[in-house]
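A quick write-up on the structure given underneath.
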Amino acid sequence: MSATADSSKARTSLRRRFFRRGPWENVATGIIGLGVIMLCQPFLIALYSYSFVTILTGTVLYTIVTKFRD
């Protein structure tokens, strides 16, 4: 094999390892959970204000991540 084919194979392997579903689902679920905590806390109005955006971001990320390979 040539050096170009080896580097291309290494990049593909790295990409597949980086875009695995499991860890990204955990990140998306964590963002959704953070948004719910922000929504329920009674101390800072700024956190409450951004809670919907945080929950929405986590939901969109989760929807995208479910299309990744296992």
Task: With sequence neighbours excluded, residues passing salt bridge (Lys or Arg N to Asp or Glu O under 4.0 Å) with Arg20 - done: none
Open item on the list: Using a 6.0 Å cut-off, check whether atom OH of Tyr50 has over 12 heavy atoms from anything other than its own residue.
Closed with: no
Task: Parallel, tilted or perpendicular, as decided by the 30° and 60° cut-offs, for the rings of Phe19 and Trp24 - done: parallel
- [ ] Report yes or no: do Ile31 and Val65 belong to one cluster of Ile/Leu/Val/Met/Phe/Trp/Tyr joined by side chain heavy-atom distances under 4.5 Å?
- [x] yes
TODO: Taking all heavy atoms of Tyr48 and all of Ser51, pick out the closest pair and write down the distance.
DONE: O-OG, 2.8 Å
Task: Atom CZ of Arg21 with >12 non-hydrogen neighbours under 6.0 angstrom - done: yes
Task: Separation between CG of Leu34 and OG1 of Thr54, rounded to the nearest 0.5 Å - done: 6.0 Å
Task: Same apolar cluster (I L V M F W Y, side chains within < 4.5 Å links), Leu39/Leu44 - done: no
- [ ] Applying side chain to side chain contact (heavy atoms under 4.5 Å, CB included), name anything that partners Thr29, two or more places apart in sequence or on another chain.
- [x] Tyr62
Open item on the list: Return the CG to CG distance between Leu61 and Leu56, rounded to the nearest 0.5 Å.
Closed with: 11.0 Å
Open item on the list: Do Phe68 and Leu14 sit in one hydrophobic cluster, given that two such residues count as connected whenever their side-chain heavy atoms are within less than 4.5 Å of each other, even indirectly?
Closed with: no
